[in-house]
Amino acid sequence: MSAAARRIPVLVVLPPRTLLLDLAGPMEVLRIAGAAQERVAFSVRYVAPAPRTRCSIGLDLGGTEPLPDSIPPGTVVLVPGAASRVLGGAADPDDAAAEARIVDWLRGAVRPGHSLVTVCEGTLLAARAGLFDGYACTTHHASCARLAALAPRARVLENRLFVQDRDRFSSAGVTAGVDLMLHLVAEWAGPAAALAAARTLVVYMRRGADDPQLSPWLEGRSHLHPVVHRAQDAIAAEPARAWSPEILGRLAGASPRNLARLFRIHAGMTVTDAVNRARIALARDLIAQTDLALEQVADRAGFGSARHMRRVWRQFHEAAPSTLRTRVSVSKGP
């Protein structure tokens with residue numbers, strides 16, 4: 001890790017009967033993303049009401065710290081969900097008291113300056129603490145009605161992979177927690193780090209309800225050809241680079257003509273299409289995450305002008321780039 005790396009503290013709160021996928025999926029994304037780049041490092045602590053927590057598959061999770069008295073500013077607080085029943089085990093009568101302790105602690109500890117990330121029914125615990133009052137949120141589809149009853153002042157959105165509302169992030173649960181963490185990693189450490197995590201975990205990199213279910217960063221990658229993967233990795237790492245067939249061919253280990261043929265066969269697109277898709281994906285990220293003017297976005301994404309970017313944009317999206325920025329501004333709120 002570089003000494004100049006930005007460090008993001010992550011505090012993971014383990015509820016009784018922690019659903020192991022809710023925990024392991026997002027944390028594996030952080031682990032892989034942290035190893036894939038040196039801009040951002042993740043400092044993780046695990047806390048719980050008790051020294052040992054029985055997880056959903058019947059395994060005891062130990063080594064956790066007690067719930068702290070306070071949380072440093074800038075901390076990401078992650079609350080995974082809990083299974084209704086532990087594999088091979090009976091309900092523990094102490095679980096309700098442990099959940100109540102977490103709710104009381106969340107109510108007192110989470111403050112402005114913290115980011116709250118909930119997975120599955122972790123959203124319900126945070127809702128009981130009042131942390132989604134005035135926010136949009138979601139949870140597992142089977143628990144949306146319960147969430148609405150627990151948090152009548154929240155705006156519960158159904159049929160969503162995840163919801164981002166200012167400093168509150170909630171997901172539909174289980175594998176959707178991976179989708180949410182990939183989204184956050186893309187914001188914190190860049191799309192390349194999220195792409196590395198998605199590829200390692202062999203999952204599609206999805207962003208949200210308003211985005212395509214298959215991310216442009218992973219389109220055309222459901223193949224095993226190493227030459228094409230090398231070319232796609234190079235394009236994803238530097239979408240704005242002036243990619244001539246000769247340069248890309250040298251990096252991939254193929255002649256320009258053979259590389260073009262391999263792209264058509266294995267990726268189902270041309271090399272130019274692959275470059276344009278990556279540049280448009282980068283432009284979407286810049287529009288959503290910065291206040292750059294469209295001319296600046298076009299320059300950073302490798303287009304010669306905003307006019308050129310709009311022309312390529314229309315090949316992949318019906319709405320204009322400016323409408324995306326309007327939609328993002330409304331969703332983030334004040």
Side-chain angles (χ1 to χ4, degrees), residues 10-32 42 44-68 71 76-110 116-132 137-151 156 158 160-163 169-182 201-203:
V10 180
L11 190 70
V12 184
V13 185
L14 301 185
R17 309 178 312 282
T18 297
L19 190 60
L20 196 55
L21 270 176
D22 283 2
L23 170 65
M27 299 314 294
E28 284 293 340
V29 172
L30 288 188
R31 180 186 68 82
I32 297 165
F42 303 100
V44 181
R45 296 166 56 200
Y46 298 90
V47 300
R52 303 186 72 81
T53 301
R54 180 64 56 89
C55 78
S56 57
I57 61 172
L59 181 69
D60 283 342
L61 306 176
T64 55
E65 303 174 30
L67 298 172
I71 306 173
V76 177
V77 180
L78 172 65
V79 186
S84 58
R85 184 173 293 274
V86 171
L87 177 66
D92 189 330
D94 295 331
D95 285 355
E99 288 181 355
R101 285 188 59 195
I102 291 174
V103 170
D104 289 342
W105 177 82
L106 287 170
R107 184 182 295 114
V110 176
L116 177 66
V117 178
T118 60
V119 183
C120 197
E121 293 199 0
T123 307
L124 275 65
L125 290 175
R128 287 168 57 185
L131 296 179
F132 281 107
C137 59
T138 195
T139 187
H140 191 278
H141 59 83
S143 300
C144 283
R146 287 175 57 205
L147 177 59
L150 285 170
V156 178
E158 300 186 31
R160 297 284 295 271
L161 280 173
F162 61 84
V163 173
F169 306 84
S170 53
S171 77
V174 197
T175 57
V178 173
D179 294 308
L180 173 53
M181 193 57 73
L182 287 170
L201 294 173
V202 198
V203 298

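- Heavy atoms only, all atoms of each residue included: Leu161 and Ala176 are closest at O-CB, 3.5 Å.
- The backbone N or O of Ala82 lies less than 3.5 Å from no partner atom in the side chain of Arg17, so there is not a single donor-acceptor pair.
- With contacts defined as side-chain heavy-atom distances shorter than 4.5 Å, the pair Leu11/Pro68 qualifies.
- The shortest non-hydrogen separation linking Arg107 to Arg128 is NH2-O, 3.1 Å.
- Between Thr139 and Cys144 the shortest side-chain heavy-atom distance falls below 4.5 Å.
- The minimum heavy-atom distance linking Ser171 with Thr123 is given by the pair O-OG1, 4.3 Å.
- Checked for salt-bridge contact, Asp104 and Arg101 miss the test: no charged N lies under 4.0 Å from a carboxylate O.
- Distance alone, capped at 3.5 Å, places no donor-acceptor pair between the Asp60 side chain and the Arg52 backbone.
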(request) Carefully, step by step, assess Asp92 and Arg54 under the rule salt bridge (Lys or Arg N to Asp or Glu O under 4.0 Å). (result) CA-CA 10 Å; Asp92 189 330; Arg54 180 64 56 89; over 6 Å; no

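- Taking CG from Leu201 and CD1 from Ile32, the interatomic distance works out to 4.0 Å, rounded to the nearest 0.5 Å.
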(message) Pair Phe42, Val29 - check side-chain contact (heavy atoms from CB on, under 4.5 Å), show working.
(response) CA-CA 11 Å; Phe42 303 100; Val29 172; over 6 Å; no

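- Every residue meeting the side chain to side chain donor-acceptor pair (under 3.5 Å) condition with Arg146, not counting sequence neighbours, appears here in chain and number order: Glu121.
- Listed here is the closest heavy atom pair of Leu20 and Ser56: N-OG, 3.1 Å.
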(message) With side-chain contact (heavy atoms from CB on, under 4.5 Å) as the criterion, how do Asp22 and Val174 come out once you've worked through the C-alpha distance, each side chain's angles and the decisive distance to 0.1 Å?
(response) CA-CA 5 Å; Asp22 283 2; Val174 197; 4.0 Å; yes

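- Between Pro15 and Thr18, the shortest heavy-atom contact is O-OG1, 2.6 Å.
- Interatomic distance, CG of Leu30 versus CG of Leu182, reported as 9.5 Å (0.5 Å rounding).
- Although no hydrogens or angles enter the test, the distance criterion places no donor-acceptor pair under 3.5 Å between the side chain of Thr138 and the main chain of Ser170.
- Among all heavy-atom pairs drawn from Thr118 and Ala126, the shortest one is CG2-CB, 4.0 Å.
- Looking at heavy atoms from C-beta onward, Leu19 lies out of side-chain contact with Pro80 at the 4.5 angstrom threshold.
- Residues Leu116 and Val79 have side chains in contact (heavy-atom distance under 4.5 Å, counting atoms from C-beta outward).
- Looking only at side-chain heavy atoms (C-beta outward), Leu23 and Cys55 stay at 4.5 Å or farther from each other.
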(request) May I have the step-by-step check of side-chain contact (heavy atoms from CB on, under 4.5 Å) for Phe132 and Leu147, ending in yes or no? (result) CA-CA 10 Å; Phe132 281 107; Leu147 177 59; 5.6 Å; no

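- Using a 4.5 Å heavy-atom cutoff, the side chains of Thr53 and Tyr46 are not in contact.
- Counting only heavy atoms from C-beta outward, the side chains of Val77 and Val117 never approach each other to under 4.5 Å.
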